[in-house]
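Here's the structure, in structure tokens; my notes come after.
For ligands, and for the atoms within them, numbers begin at 1 and follow the listed sequence. Everything numeric here is computed off the predicted structure, so don't read it as measured data. All residue numbers refer to positions in the sequence shown, counting from 1. Side chains included, hydrogens not; waters and symmetry mates left out as well; all remaining heavy atoms used.
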Amino acid sequence: MRVILSGGGTGGHIYPALALSKVIKEHEPDSEFLYVGSLRGVEANIVPKTGMAFDQLEIQGFRRSLSFDNFKTLYFFLKAVHRAKKIIRDFKPDVVIGTGGYVSGAVVYAAQALKIPTVIHEQNSVAGITNRFLARKATRIGLAFQAAESQFPSEKTRLVGNPRAQEVAGIQSDFSWTEIGLTDNQPTLLIFGGSQGAPAINKAVLQAMSDFNQRSYQTVIVTGPKRFDSFQTQLKELNITPQAQIKILPYIDNMPAVLAKTAAIVARAGATSLAEITALGIPSILIPSPYVTGDHQRKNAQSLVEAGAALMITEDQLSEQKLMATVDQIMLDQTMRADMAKKAAAIGEPQAGEALYRLVLDAMAE
Ligand SMILES: CC(=O)N[C@H]1[C@@H](OP(=O)(O)OP(=O)(O)OC[C@H]2O[C@@H](n3ccc(=O)[nH]c3=O)[C@H](O)[C@@H]2O)O[C@H](CO)[C@@H](O)[C@@H]1O
């Protein structure tokens, strides 16, 4: 089949689209894909590395309040829809799939105007603005959380999970911590604040660095691509030299392979990260971002906490002491980790990619 994928702005929207493309390719090896992202979004770094054809639109988000900027945004949106229509006419897709972010708004809207079947995927329990806008004319809607059901027309909406779960669940990882200068003989804690990094997590980790320096378990700190330099500068200012069991990175490109070798995680509670953590059965400490629509990360995190798979620290409780105490609790207790791992795996959705693929076939058959 010929497929246009679009989702952007943040990793949580991009990786599910790429994961779905792998499932489609397994079923239909001759399939052709085109990914349409935004000019400035992180998809421009992520997608071309996979070898998938990639095109870009200039687009920006709406402000929630009335402002002159919104006229400019509207202008960009209409221009982007116009270009998206041309891209669609040239590529002739059988289906157009949107996984969230402003750019998918323009691409899927253009496809709907051209009467091409469209599928949208909502990763969160609280629907994003783009998917709410696209829902009325979408042919099918795939959800990762049951809690989002009431926000979409029921007759064409299905609970499918997050396709990234299936991608990571089956992974045969040959990653070794020695590739980044660590060893494979110690349990490794991975700290990352979603795809962009999280200032509040970085700050608490910086304050706790001298504690991490004294631990025997390994710690990998992913700062986020734009926060790496300032993290290093602050380390210098604090006069702290990370010991050999600590590694600081701006971003991890091969996350599924790395996650498969990770003992425990400290992270935000973005939906795609959680799909990965549960698919692989990894114990986690979740620090939900309070800055997202409808406080959805806290709801995401709560579902793992209730299952016994995760511990939660809210951002207002986050401190060096709280972070270290919670991390030590998990990292120094292998039995606790094993129990949480089992409970995380029990709520994983290793078939999610398959379910979304079926939904795409449904949309095309209509
Ligand atoms: C601040 C914000 O708006 N966050 C939203 C965004 O989060 P965000 O983009 O952070 O998305 P998620 O946490 O859901 O997913 C992050 C993705 O990036 C990957 N990754 C991360 C770090 C790294 O170094 N390498 C790497 O590959 C993770 O493995 C994962 O696949 O989209 C999610 C899914 O719609 C939402 O639930 C989040 O609330």
Side-chain angles (χ1 to χ4, degrees), residues 7-20 41-43 45-47 49-50 61 98-102 104 120-132 142-145 147-148 161-169 171 173 175 180 190-202 220-228 231 247-260 262 265-280 282 284 286-304 310 315 352-353:
T10 182
H13 293 314
I14 301 161
Y15 291 111
L18 296 174
L20 173 65
V42 286
E43 56 273 22
N45 299 327
I46 297 172
V47 180
K49 284 185 192 154
T50 67
T99 52
Y102 298 110
S104 73
I120 55 175
H121 183 261
E122 174 56 64
Q123 296 93 39
N124 294 293
S125 49
V126 180
I129 181 169
T130 303
N131 278 346
R132 272 185 281 150
L143 304 181
F145 283 91
N162 187 319
R164 180 73 164 177
Q166 181 167 342
E167 181 181 1
V168 302
I171 193 157
S173 173
F175 173 76
I180 59 166
L190 176 64
I191 305 178
F192 69 102
S195 57
Q196 332 269 327
I201 296 182
N202 288 356
V220 176
I221 301 156
V222 184
T223 60
K226 294 194 185 130
R227 310 187 202 279
F228 181 74
F231 193 94
K247 188 78 195 173
I248 303 166
L249 303 169
Y251 193 77
I252 293 177
D253 279 320
N254 54 339
M255 199 56 136
V258 172
L259 285 175
T262 298
I265 275 165
V266 172
R268 284 298 198 198
T272 299
S273 293
L274 298 195
E276 296 165 356
I277 293 170
T278 51
L280 286 165
I282 306 175
S284 56
L286 301 175
I287 307 165
S289 166
Y291 313 109
V292 298
T293 328
D295 206 16
H296 67 248
Q297 287 206 2
R298 188 202 284 258
K299 292 175 191 152
N300 294 350
Q302 198 58 42
S303 60
L304 269 74
E315 194 169 295

Taking non-hydrogen atoms within less than 4.0 Å of ligand 1, which protein residues qualify?
Thr10, Gly11, Gly12, His13, Tyr15, Gln123, Asn124, Arg164, Phe192, Gly194, Ser195, Val222, Tyr251, Ile252, Met255, Gly270, Ala271, Thr272, Ser273, Glu276, Val292, His296, Gln297

Using a strict threshold of under 4.0 Å (side-chain N to carboxylate O), is an ion pair present between Glu315 and Arg298?
no

Dump the intermediate steps for side chain to side chain contact (heavy atoms under 4.5 Å, CB included) on Phe192 and Ile265, then the final yes or no.
CA-CA 8 Å; Phe192 69 102; Ile265 275 165; 4.1 Å; yes

When rounded to the nearest 0.5 angstrom, what is the spacing between CG in Asn45 and OH in Tyr251?
8.5 Å

Worked verdict on Asn300 versus Leu286 for side chain to side chain contact (heavy atoms under 4.5 Å, CB included)
CA-CA 10 Å; Asn300 294 350; Leu286 301 175; over 6 Å; no

Using 0.5 Å steps for rounding, measure from the CD atom of Glu122 to the OG1 atom of Thr130.
9.0 Å

Identify, with sequence neighbours excluded, every residue that meets ring pair (Phe, Tyr, Trp, His ring centres under 6.0 Å) alongside Phe175.
Trp177

